[in-house]
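Shown next, in structure tokens, is the structure this report addresses.
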Amino acid sequence: MSSIDLNPPRGMRDFLPKDWVFREKLMQVFNDVSKTNGFLHYETPVVDSYELFERKAGEEISDQLYDFTDKSNRHISLRAELTPSMVRLYAKNKESLPFPAKLYSIGQCFRYERATKGRKREHYQWNLDILGENNISAEAWILSTAIQVMNKLGLNENDFQIHVSNRALLSDFLLSIGIEKERHSELMIIIDKKDKIPAEVMKEMMEEIKIFSSQIEKIIEFLDKKTLEEIRPFVQKDSLALQELEHLFAAAKALNIAPYLRIDTSIIRGLSYYTGIVFEAFDTNKEFRAIFGGGRYNSLFDRMTGKDIPACGLGFGDVVIEELIASKFGRTETFPGIQVILGQFEDALQGKALHLSAEFTKNDISSDMLLCSLPPKKFFTQANKRGAKFAAYLAPEEAKENTFVLKNMESGEQKILPLEDISSILDFIKA
RNA sequence: GCGAAUAUAGCUCAGUUGGUUAGAGCGCUGGUUUGUGGUACCAGAUGUCGUGAGUUCGAAUCUCAUUAUUCGCCCCA
């Protein structure tokens, strides 16, 4: 018989139980923090129509969609992100959902591209969105929620920083130095690379697209500004974009998250649907890719559904945060422990062991069982390897008295207890 | 899509100019202890050397193809 390739498909991951421990905790934190901040959970399919994900604005993201034709010749794609499906869901069900609404979801997303550090062909992403709210405190609320997640994972303002900008601000500035709107896109692609390439190379790239050197000087100067006060002279006095950033920082101060935020006018967020404030979180040393990112996308609903709903949101993937946490705390290498493991010396005693496990279940004690009979040495070795806190062993001598051995695997303390005396059993386990 | 590196035991990795029977540590199995795990000591098994072809008297080692992984570029929700 020919054997199959045991590797998962390119860029996809298998998770061993020990690998999943972290992800399970991460998702638990995502869920808990979303709920305690008023976000409602929704789910959408892993596949959706190709049309939903396709970008019409000349972007070539469509090439990276994992798409196929189904048996009825429908053009289907695995989701590359959660936002389009969420937009579809909200536009369809708006009347039965709150308005404005806070929504969240955690889902596996796929993209067909070369895997690199921090990017696979598949990842889990947490999405937070606030829909129907123009007030900039929505952005602050989302950032605060994400920061709570980071704090629960043991990371604080010394570990990461959120770089904040406003696309409209950059746009206003470029207009003010005489660069017309049609040229902003190609220029923003260059500005987005600011931290990746040397300043000289960036200048050359700008020269290539016919930006005057006097303009380049001003752009570089603008990109170096780190505070709102420094930016003020570069834009008009009544700049709405600047007011939005002021509003965000005021709200951040009130939410006690100001230490996490910094102005970084080079943040662009690709060429996607963002219209206003944009942000990306980086580890302090900028060793890794962005941990999470997002911003305001006020025209996406209108473009996709014809319904004019302002929105802002955030996407937070599992890959970079795992790398960051592994570098700070190391990787988890253990199984999650079970409270009690049961076993028996011979098959005749298995009924009693099974019955005892049912008692544990009834009392909310997690239990595992070695289903084949084992001599004590092997049983306790197995109990130890599986990380059980207690081991319950049914052996002939005790069974004659209708008792069994219950051992604390950490302290080594051991008791012979009657099988029916549930309260004593629970006392020993809970002590 | 482009470029580079890597692939040897369950895991992390050695393996000389191509040369006899393929190595270590961890883990695994057994024993010291036939009713008690972790520590220690002793012993044992690890395997299609990623896959397929080629060169050669002889290939883990050289060549080509192929698959996967990692890093960089392109791109980026």
Side-chain angles (χ1 to χ4, degrees), chain A residues 2-14 16 18-19 52-55 59-66 77-87 107-127 129 188-189 192-193 196-197 268-274 278 280 289-290 292-295 297 300 313-317 319-320 323 331 333 341 343-346 370 373-399 404-416:
Chain A
S2 67
S3 59
I4 55 165
D5 184 354
L6 300 179
N7 293 306
R10 166 159 262 187
M12 306 286 179
R13 300 171 289 175
D14 282 333
L16 295 177
K18 71 179 172 63
D19 301 327
L52 186 71
F53 299 110
E54 191 185 16
R55 298 287 167 71
E59 293 173 57
E60 294 180 1
I61 293 174
S62 308
D63 293 342
Q64 296 189 352
L65 290 175
Y66 239 117
S77 176
L78 297 183
R79 61 187 175 199
E81 50 174 333
L82 298 176
T83 308
S85 303
M86 182 277 298
V87 166
Q108 201 173 15
C109 299
F110 303 83
R111 74 187 99 216
Y112 196 87
E113 67 167 356
R114 203 67 152 183
T116 57
K117 190 175 176 57
R119 281 173 100 77
K120 315 275 179 198
R121 283 189 174 179
E122 151 277 316
H123 72 152
Y124 288 87
Q125 192 178 73
W126 174 47
N127 261 45
D129 292 281
M188 282 185 183
I189 291 174
D192 193 35
K193 295 182 198 302
K196 291 183 191 166
I197 59 176
I268 307 285
R269 297 291 295 155
L271 269 181
S272 47
Y273 34 67
Y274 295 102
V278 285
E280 285 182 356
R289 284 172 178 272
F292 60 80
Y297 51 100
L300 184 66
L314 163 148
F316 189 138
V319 179
V320 175
E323 288 173 349
R331 288 183 190 276
E333 291 290 347
I341 190 158
Q344 74 279 339
F345 179 78
E346 57 195 2
L370 296 175
S373 298
L374 290 173
K377 188 185 178 73
K378 290 196 177 173
F379 169 72
F380 285 104
T381 303
Q382 284 292 323
N384 186 55
K385 270 186 212 161
R386 289 165 196 245
K389 295 182 183 67
F390 289 85
Y393 187 59
L394 282 284
E397 204 171 296
E398 289 81 12
F404 74 106
V405 176
L406 185 58
K407 180 168 184 173
N408 181 326
M409 295 301 285
E410 280 160 30
S411 68
E413 189 190 353
Q414 166 175 318
K415 278 189 174 179
I416 313 279

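Chain letters run A, B, ... following the sequence lines, proteins first and then strands; every chain starts at 1. Treat the numbers as computed from the prediction; the structure is a model and nothing was measured.
Here, rG54(B) and rA45(B) have their C1' atoms 35 Å apart, quoted to the whole Å. rA24(B) and rC62(B): their C1' atoms are spaced 27 Å apart (whole Å). Distance check on atom C1': rU51(B) versus rA7(B) gives 11 Å, rounded to whole Å. Using C1' as the reference atom, rA9(B) and rG1(B) are 37 Å apart when rounded to the nearest Å. To the nearest whole angstrom, the two P atoms, one in rG31(B) and one in rU20(B), are 37 Å apart. Spacing between rG27(B) and rU67(B) at atom P, rounded to whole Å, works out to 38 Å. Annotation: rU12(B) and rU70(B) have their P atoms spaced 13 Å apart (nearest Å). A gap of 24 Å separates the P atoms of rA14(B) and rG52(B), to the nearest Å.
Ion pairing of Arg269(A) with Glu280(A) is present here, as a side-chain N (NZ or NE/NH1/NH2) and a carboxylate O approach within less than 4.0 Å.
Listed by chain and number, the residues in a salt bridge (Lys or Arg N to Asp or Glu O under 4.0 Å) with Glu113(A) are Arg111(A), Arg119(A) (sequence neighbours excluded). By the ring pair (Phe, Tyr, Trp, His ring centres under 6.0 Å) test, Phe380(A) is found to be paired with Tyr393(A), residues two or more places apart in sequence or in another chain being considered.
Asn384(A) contributes atom CG, which lies 10.0 Å from atom CD of Glu410(A) (distance to the nearest 0.5 angstrom). One finds the CE atom of Met86(A) at 8.0 Å from the CG atom of Leu300(A) (value rounded to the nearest 0.5 Å). Separation of atoms CD1 (Ile341(A)) and NZ (Lys407(A)) is listed at 13.5 Å; rounding is to 0.5 Å. To the nearest 0.5 Å, the span separating CZ on Phe390(A) from CD on Glu413(A) amounts to 8.5 Å.
Counting heavy atoms from C-beta outward, Phe379(A) and Leu394(A) have side chains that stay 4.5 Å or more apart. Using a 4.5 Å heavy-atom cutoff, the side chains of Tyr124(A) and Arg13(A) are in contact. Residues Phe110(A) and Met12(A) are in side-chain contact: their nearest non-hydrogen atoms beyond the backbone lie under 4.5 Å apart. Side-chain contact between Leu78(A) and Glu122(A): absent, with no pair of heavy atoms (C-beta onward) separated by less than 4.5 Å.
For Arg10(A), taking side-chain heavy atoms from C-beta onward, the closest of the listed nucleotides rG35(B), rA68(B), rC73(B) is rA68(B). Side-chain proximity of Ala115(A) to the nucleotides rU36(B), rG35(B), rU70(B) is greatest for rU70(B). Across rC75(B), rG37(B), rU36(B), the shortest atom-to-atom separation from the side chain of Met409(A) is found for rG37(B). The side chain of Asn384(A) sits closest to rG38(B) out of rG38(B), rG72(B), rC75(B). Set against rG72(B), rU36(B), rC75(B), the side chain of Phe380(A) has rU36(B) as its closest nucleotide.
Lys407(A) places its NZ atom 10 Å from the P atom of rG38(B), with the value rounded to the nearest Å. For the pair Lys120(A) NZ and rC75(B) P, the computed distance is 21 Å after rounding to whole Å. One can place CE of Met188(A) at 17 Å from P of rC75(B), the figure rounded to the nearest angstrom. Summarising the geometry, the separation between CG on Leu16(A) and P on rC11(B) is reported as 10 Å, rounded to the nearest angstrom. When the P atom of rC73(B) is taken as reference, atom NZ of Lys117(A) falls 12 Å away, rounded to whole Å. Arg269(A) has its CZ atom 14 Å from the C1' atom of rC75(B), to the nearest Å. Computed from coordinates, the Leu370(A) CG to rU36(B) C1' distance equals 14 Å when rounded to whole Å. Protein atom CE of Met12(A) is 18 Å distant from nucleotide atom C1' of rU70(B), rounded to whole Å.
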Between N or O atoms, less than 3.5 Å apart, protein on one side and nucleotides 29-32 of chain B on the other: list the pairs.
from, atom 1, to, atom 2, distance (Å)
rU29(B), OP1, Lys385(A), NZ, 3.2
rU29(B), OP2, Lys385(A), NZ, 3.0
rG30(B), OP1, Lys378(A), NZ, 2.9

Under 3.5 Å, N/O pairs linking protein and nucleotides 40-42 of chain B:
none

N/O contacts under 3.5 Å, protein versus nucleotides 1-3 of chain B?
none

Under the criterion side chain to side chain contact (heavy atoms under 4.5 Å, CB included), I'd like the reasoning laid out for Leu370(A) against Arg386(A): C-alpha separation, chi angles, the key distance, then a yes or no.
CA-CA 10 Å; Leu370(A) 296 175; Arg386(A) 289 165 196 245; 3.5 Å; yes
List the steps, then state whether side chain to side chain contact (heavy atoms under 4.5 Å, CB included) holds for Val278(A) with Ile268(A).
CA-CA 7 Å; Val278(A) 285; Ile268(A) 307 285; over 6 Å; no
Step by step, work out the side chain to side chain donor-acceptor pair (under 3.5 Å) result for Thr83(A) and Asn127(A).
CA-CA 8 Å; Thr83(A) 308; Asn127(A) 261 45; 3.3 Å; yes
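When each of Cys109(A) and Pro8(A) is assigned the nucleotide of RNA chain B with its nearest heavy atom, Pro8(A) is the one assigned upstream, toward the 5' end. Comparing Ala395(A) and Asp192(A), the nucleotide of RNA chain B nearest to each residue sits closer to the 5' end for Ala395(A).
Counting any heavy atom pair closer than 4.0 Å across all strands shown, Gly317(A) reaches no nucleic acid atom. Across all strands, Gln414(A) comes closer than 4.0 Å to base atoms (heavy-atom distances). At the heavy-atom level, Arg13(A) lies nowhere under 4.0 Å from the strands shown. Here Gly313(A) lies out of heavy-atom contact (under 4.0 Å) with every strand.
In terms of polar N and O atoms assigned as donor or acceptor, the side chain of Glu398(A) comes within less than 3.5 Å of the base of rG35(B) in a complementary pairing.
Relative ring orientation between Phe292(A) and Phe316(A) is described as parallel, the plane-to-plane angle staying below 30° on a 0-90° scale split at 30° and 60°.
Judged by the 6.0 Å and 45° rule, Arg121(A) forms a cation-pi pair with Tyr112(A).
Pairing analysis of RNA chain B (Watson-Crick: purine N1 to pyrimidine N3 plus N6-O4 or O6-N4; G-U wobble: N1-O2 and O6-N3; both under 3.5 Å) yields stems of 3 or more pairs at B:1-7 with B:67-73, B:10-13 with B:23-26, B:28-32 with B:40-44, B:50-54 with B:62-66.
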